[in-house]
Amino acid sequence: MRSDTPACISDRDRVASELNAWFVREARDLPWRAPGTSAWAVLVSEFMLQQTQVERVIPRWIAWLERWPTPAALAANEPGEAVRAWDRLGYPRRALWLHRAATEIVGLHGGEVPRDVDALLALTGVGPYTARAIAAFAYGERHPVVDTNTRRVLARLVHGVALAGMPKDSDLEDMEALLPEDRASAAVFNAAAMELGAIVCTARTPRCGFCPVAQWCEWRGSGYPANAPTKRPRQAAFEGSDRQARGRIMALLRRSSDAVSREAALAAAAGDEGHGKARRRSAQDPTQPQRAFDSLIADGLIVEFEGRVKLP
DNA sequence: CTCCTGCGGT
DNA sequence: ACCGCGGGAG
């Protein structure tokens, strides 16, 4: 962060003050930010938002909480119902993890979402980001919350580089160094940093002209140097992937109220929609459908039942 | 093509 | 430390 402004107040406080004021002014009106949102509702939102964009999450989140307003309500249903309600949010293992977390919350915490970070980390599907996000946003505890947006903001503001590299433990320390002392401001600042990364300090085309902390930005101050070659692993192509084949099986089972035959599941994996038009799949790996099927069994996302296949 | 409020397994 | 894991949108 640039410190070319003589100040009685530290730059840390100025950055937090400006960013928080911007957040109050400009932040999107997201439903899980409404006052009175339960810790469970926050937890559900954080699960859904892992690798899935806000706009796609909102309708699923509303429907989910209407149906399962408490951990106990979800835990009382079969996990397959959670997978079905997950719909097309992607990475459906998260639905299974969320159901498992609800069961753990009922069994270990009397049905109340814990507020302690270590207790949260022990829940299935809750990692370093989600645990701190729940503690900060649901309970107002003071913790650094660092997601991919915040890591990019820190990379630019503090380190003067265009993009963040691999996640590091020091990310939390970087955020801690900027975090306001009082809990309420700290919680807002965590959300504000994420929001800035989401709508201003974006990966591809940052809108620095609208950035409330541009004057302290190390990246801007050094002339927006080009992206240093980072080590970030590129995501594999989706088209033709095992993920796509798995997704087709899951889509078939979500829309089937009953179990389907193994053959139907394998055909779905191969991209055969079963209505007329033959799909060209000459270049496809012939072992892929079976591999996708087996991996879904291993994940517990589908089960075989008397020679047929259904959600768990 | 890239990116998106990450996570658990290895 | 690396990898697999959906699906949508720019």
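Note that these values count all heavy atoms, side chains included, but never hydrogens, waters or copies made by symmetry. Quick note on labels: first sequence line is chain A, next is B, and so on, each numbered from 1.
Across all strands, Arg93(A) comes closer than 4.0 Å to base atoms (heavy-atom distances). Nucleic acid contact class of Ala237(A) (heavy atoms, under 4.0 Å, all strands): sugar-phosphate only. Residue contacts shown for Glu55(A) are absent, as no nucleic acid heavy atom lies under 4.0 Å away. Heavy atoms of Asp242(A) sit under 4.0 angstrom from primed sugar atoms or phosphate atoms, though from no base atom. Heavy atoms of Thr202(A) sit nowhere under 4.0 angstrom from any nucleic acid atom. Counting non-hydrogen atoms under 4.0 angstrom, Val57(A) reaches nothing in the nucleic acid.
Using a 4.0 Å cut-off between a side-chain N of Lys or Arg and a carboxylate O of Asp or Glu, Asp285(A) and Arg291(A) qualify as a salt bridge. Under 4.0 Å is where a charged nitrogen must lie from a carboxylate oxygen, and between Arg132(A) and Glu46(A) no such pair does.
For Thr148(A) and dG6(B), a side-chain-to-base donor-acceptor distance below 3.5 Å is absent, hydrogens and geometry of angles not being considered.
Here the side chain of Arg248(A) pairs no donor or acceptor atom with the backbone of Arg243(A) at under 3.5 angstrom.
For dC7(B) and dG8(C), the P atoms lie 23 Å apart once the distance is rounded to whole Å. The separation of dA1(C) from dC4(B), taken at their C1' atoms, amounts to 23 Å, rounded to a whole angstrom.
Distances were taken from every side-chain heavy atom of Gln53(A) (C-beta onward) to each of dG6(C), dG8(B), dC4(B); the shortest belongs to dC4(B). Among the nucleotides dC7(B), dG7(C), dC3(B), the one closest to any side-chain atom of Thr130(A) is dC7(B). Nearest to the side-chain atoms of Ala203(A) among the listed nucleotides dC3(B), dG8(C), dC7(B) stands dC3(B). In the set dC7(B), dG8(C), dC4(B), the nucleotide with an atom closest to the side chain of Arg56(A) is dG8(C). Side chain of Arg152(A), nearest nucleotide from dG8(C), dG6(C), dC3(B): dC3(B). Here the nucleotide nearest the side chain of Arg204(A), chosen from dC7(B), dT2(B), dG7(C), is dT2(B). When distances run from any side-chain atom of Arg94(A) to the nucleotides dG6(C), dC4(B), dG7(C), the shortest one goes to dG6(C).
In terms of the side-chain contact (heavy atoms from CB on, under 4.5 Å) criterion, Ala76(A) has no residue partners (sequence neighbours excluded).
One can place CD of Gln50(A) at 5 Å from P of dC7(B), the figure rounded to the nearest angstrom. In this structure, Leu253(A) places its CG atom 13 Å from P of dG6(C), rounding to the nearest Å. Note: CD1 (Ile58(A)) to C1' (dG7(C)) measures 17 Å, nearest angstrom.
Other members of the hydrophobic cluster containing Ile249(A), listed by chain and number, are Val83(A), Leu96(A), Met250(A), Leu252(A), Leu253(A), Val260(A), Leu266(A), Phe293(A), Leu296(A), Ile297(A), Leu301(A), Ile302(A), Val309(A), Leu311(A); membership follows side-chain contacts under 4.5 Å among ILVMFWY residues, whether direct or relayed.
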